[in-house]
Amino acid sequence: MLGRLNRDALTGEDLASSAHIRAISESRAQVLALLEQEPLTPGSTVLELGADVGWASSVLLDAECRVIATDITDRKRAEE
């Protein structure tokens, strides 16, 4: 799913199947728009807190940033 997200290849069915995927897709679009307005300098170090599945890290890596990402959520426990 992350690969399709990064290729802008999510389908309407993908988005309809999960609120989480829709939120990631919307957030990704916002981050990309922000980076267009305020580009990061290649080689910048970015600390990503709450990295989840790493979708933002992939955007930042594409911008040639050094990314330190962390997430403390145990999704499996959160769903129980």
Side-chain angles (χ1 to χ4, degrees):
M1 189 71 68
L2 185 58
R4 288 201 321 262
L5 174 71
N6 288 336
R7 292 188 310 274
D8 290 324
L10 288 179
T11 65
E13 186 176 311
D14 291 330
L15 297 172
S17 71
S18 168
H20 183 69
I21 292 169
R22 278 192 308 280
I24 289 172
S25 178
E26 291 166 4
S27 296
R28 182 179 182 277
Q30 291 171 348
V31 169
L32 288 171
L34 178 63
L35 289 176
E36 271 187 35
Q37 295 173 11
E38 299 289 334
L40 294 170
T41 304
S44 295
T45 299
V46 178
L47 174 61
E48 182 185 2
L49 301 174
D52 195 37
V53 296
W55 67 265
S57 294
S58 65
V59 170
L60 295 165
L61 290 168
D62 286 346
E64 299 181 19
C65 293
R66 179 174 167 234
V67 180
I68 302 167
T70 186
D71 194 316
I72 60 169
T73 303
D74 184 348
R75 184 169 304 282
K76 199 163 192 128
R77 284 194 176 172
E79 292 175 359
E80 292 177 356

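Throughout, numbering of the chain's residues begins at 1 and tracks the sequence.
Between G50 and D71, the closest heavy-atom pair is C-OD2, 3.4 Å. Residue T41 comes nearest to C65 through the heavy atom pair O-SG, 4.4 Å, listed as atom of the first residue, atom of the second, then distance.
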Inset, instruction - Go through the steps for E36 and V31 under the test side chain to side chain contact (heavy atoms under 4.5 Å, CB included), then give the verdict. - result: CA-CA 9 Å; E36 271 187 35; V31 169; over 6 Å; no

Inset, instruction - Show the numbers, then the answer: is there a side chain to side chain contact (heavy atoms under 4.5 Å, CB included) between L34 and Q30? - result: CA-CA 6 Å; L34 178 63; Q30 291 171 348; over 6 Å; no

Legend entry - H20 and D52: CA distance, side-chain angles, deciding distance, side chain to side chain contact (heavy atoms under 4.5 Å, CB included) verdict: CA-CA 11 Å; H20 183 69; D52 195 37; 3.1 Å; yes

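No donor-acceptor pair closer than 3.5 Å links the side chain of R66 to the backbone N or O of S44. A donor-acceptor distance shorter than 3.5 angstrom exists from the side chain of S27 to the backbone of A23, with no hydrogens or angles considered. Although no hydrogens or angles enter the test, the distance criterion places no donor-acceptor pair under 3.5 Å between the side chain of E64 and the main chain of G43.
The CZ atom of R22 sits 11.5 Å away from the CG atom of L10 when rounded to the nearest 0.5 Å. If you take OG1 on T45 and CG on L60, they are separated by 11.0 Å, rounding to the nearest 0.5 Å.
Put simply, the side chain of T70 does not reach to within 4.5 Å of the side chain of E48, judged on heavy atoms. Using a 4.5 Å heavy-atom threshold, the side chains of L15 and S25 count as touching.
Residues that satisfy the salt bridge (Lys or Arg N to Asp or Glu O under 4.0 Å) test with D14, not counting sequence neighbours, are R4.
Alongside L47, the hydrophobic cluster contains L49, I68 (criterion: ILVMFWY side chains under 4.5 Å).
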